[in-house]
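No hydrogens, no waters, no symmetry mates; every other heavy atom, side chains included, goes into these values.
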Amino acid sequence: MFWTRLYNLCLEKKCKPNTVAREIGLSTAIATKWKNGSIPKGDILVKIADYFDCSVDYLLGRTDNPNSHKL
């Protein structure tokens, strides 16, 4: 679920997962781990959510509303 959400957010923002990783201060190789099923830990999830202005719950598939953090 995480990879699908991340990938779709990247498509919407016209960027790549490697770019996201680099811009939040991680190695671009981490994107490959995410694609292979790894799920980031809490602090990294928060950085990704902030990058896309969405909720961590959305990234994890706990809600289908990417803006649930704004309610």
Side-chain angles (χ1 to χ4, degrees):
M1 179 62 70
F2 169 75
W3 174 255
T4 303
R5 295 281 170 100
L6 175 67
Y7 187 77
N8 288 334
L9 287 166
C10 286
L11 289 177
E12 290 174 19
K13 195 168 180 171
K14 295 181 174 55
C15 65
K16 295 184 178 186
N18 290 346
T19 304
V20 174
R22 185 174 49 248
E23 289 189 13
I24 64 171
L26 301 173
S27 163
T28 56
I30 195 70
T32 302
K33 290 183 179 183
W34 295 338
K35 185 176 182 180
N36 290 330
S38 178
I39 298 174
K41 300 288 183 213
D43 59 328
I44 302 302
L45 280 170
V46 170
K47 287 181 181 182
I48 296 168
D50 287 347
Y51 183 88
F52 288 110
D53 191 27
C54 71
S55 70
V56 170
D57 284 341
Y58 177 75
L59 289 173
L60 295 175
R62 296 176 63 182
T63 180
D64 290 331
N65 180 359
N67 297 312
S68 63
H69 66 297
K70 295 180 180 180
L71 299 176

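Distance check: Ile48 CD1 to Ile24 CD1 gives 4.5 Å after rounding to the nearest 0.5 Å.
A pairwise comparison of heavy atoms in Phe52 and Leu6 identifies CE1-CD1, 3.6 Å as the closest pair. The two residues Pro17 and Trp3 come nearest to each other via the heavy atoms CG-CH2, 3.5 Å. Nearest heavy-atom pair, Leu59 versus Leu45, reported as atom, atom and distance to 0.1 Å: CD1-O, 3.7 Å. Heavy-atom minimum distance, Ala21 versus Ser27: CB-O, 3.7 Å.
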For residues 34-43, dump all side-chain donor-acceptor pairs below 3.5 Å to protein atoms at least two apart in sequence or in another chain.
unit_1, atom_1, unit_2, atom_2, d
Asn36, ND2, Thr32, O, 3.2

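Annotation: side chain to side chain donor-acceptor pair (under 3.5 Å) contacts of Asp50 (sequence neighbours excluded): none.
In this structure, Leu9 and Tyr51 have side chains that are not in contact, with every pair of non-hydrogen atoms separated by 4.5 Å or more.
A salt bridge (Lys or Arg N to Asp or Glu O under 4.0 Å) check over residues 5-33, counting only residues at least two apart or in different chains, returns the pairs Arg5-Asp64. For residues 53-62, the pairs satisfying salt bridge (Lys or Arg N to Asp or Glu O under 4.0 Å) are Asp53-Lys70, Asp57-Arg62, with sequence neighbours left out.
Met1 is not connected to Leu11 by any chain of hydrophobic side-chain contacts under 4.5 Å among Ile, Leu, Val, Met, Phe, Trp and Tyr, and they are in different clusters.
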